Asker: 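Just passing along the structure, written as structure tokens.
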Amino acid sequence: MDTFDINYNTSKNYWSNTPASLDGMLGGFAKLTIPDIKESNVFLKNLFKMKNGPSNLRALDCGAGIGRISKQLLTKHFTYVDLLEQDKKFVEKAQIILQGTNVVNFYCASLQDFSPNNNIKYDVIWIQWVLGYITNEDLIKFLKKCCMLLNKNGVIVIKENISSSEEGDVDAIDSSVTRSIDSFCNIYQEANLKCITRKTQQNFPKGMYKVETFALQPIIK
Ligand SMILES: C[S@@+](CC[C@H](N)C(=O)[O-])C[C@H]1O[C@@H](n2cnc3c(N)ncnc32)[C@H](O)[C@@H]1O
């Protein structure tokens, strides 16, 4: 299924040389955080209002970096938040930034190697601006793992850049891919997920990738 190469060492090195700051997280576009969080906030509130929508006990922030989304969004909506990030320096920064908040567990692991070692379940698993760094095969496995971690009515939220080219755009510098909508939809199908709602980000500067937020739930057979 993969038509591109992703090298995990290259992306790991790229991120280990990136500053633990908002600009570092957002490729020099720290200012995107305001419209990003504003629309995610509305998206999440609408999810809570949905019939069979998620509860608000516990969320997992995946590829969390320094905890930008945990700090500005998830801690405001959930009783408990856990964070998953592969870069040690980012996790350490997140621990400082999120000290005294309701973030409980800081997991330092990659998405592809993450194996939760307890029985914690999540109402929302938030995955943003990280999936370009894992292969289709590992992404499908990761999403299947996420399904096992969901509470009843739990939702996986994916917010990612979208390529207008069917085959996606590869960036050799950080070894990432920007996928097309169809590519995401095929992956969801493979992972046995259905999209219950989605929204295109508004109010980003011109010339940026389209950004789509998907809310996904396991298909119960
Ligand atoms: C563009 S930043 C986004 C951070 C955060 N999601 C946000 O929106 O502020 C990408 C993050 O994904 C992390 N990352 C990259 N590949 C990863 C992987 N395979 N598993 C877990 N985290 C990864 C990077 O270390 C970095 O913190």
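When a ligand or atom number is given, it counts from 1 through the structure's own listing order. Small disclaimer: the values here were computed from a predicted structure and weren't measured.
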Asker: Out of Arg179, Lys141, Glu190, which residue meets the side-chain hydrogen bond (donor to acceptor under 3.5 Å, both in side chains) rule with Asn136?
Answerer: Arg179
Asker: So do Val211 and Trp129 actually touch side chain to side chain, heavy atoms under 4.5 Å?
Answerer: yes
Asker: Is there side-chain contact between Asn151 and Pro54, with heavy atoms separated by less than 4.5 Å?
Answerer: no
Asker: Under a single-linkage definition using a 4.5 Å side-chain heavy-atom cutoff for Ile, Leu, Val, Met, Phe, Trp and Tyr, are Ile120 and Leu111 assigned to the same hydrophobic cluster?
Answerer: yes
Asker: Residues in side chain to side chain donor-acceptor pair (under 3.5 Å) with Asp113, at least two apart?
Answerer: Ser110
Asker: Check the surroundings of atom OH in Tyr80: do more than 12 heavy atoms from other residues, nucleotides or ligands lie under 6.0 Å from it?
Answerer: no
Asker: Hey, what polar pairs (N/O, under 3.5 Å) does ligand 1 make with protein?
Answerer:
from: ligand 1; atom 1: 6 (N); to: Gly63; atom 2: O; distance (Å): 2.8
from: ligand 1; atom 1: 6 (N); to: Gln128; atom 2: O; distance (Å): 2.8
from: ligand 1; atom 1: 8 (O); to: Arg68; atom 2: NH2; distance (Å): 2.9
from: ligand 1; atom 1: 9 (O); to: Arg68; atom 2: NE; distance (Å): 2.7
from: ligand 1; atom 1: 19 (N); to: Gln112; atom 2: OE1; distance (Å): 3.0
from: ligand 1; atom 1: 20 (N); to: Leu111; atom 2: N; distance (Å): 2.9
from: ligand 1; atom 1: 25 (O); to: Glu85; atom 2: OE2; distance (Å): 2.6
from: ligand 1; atom 1: 27 (O); to: Glu85; atom 2: OE1; distance (Å): 2.7
from: ligand 1; atom 1: 27 (O); to: Glu85; atom 2: OE2; distance (Å): 3.3

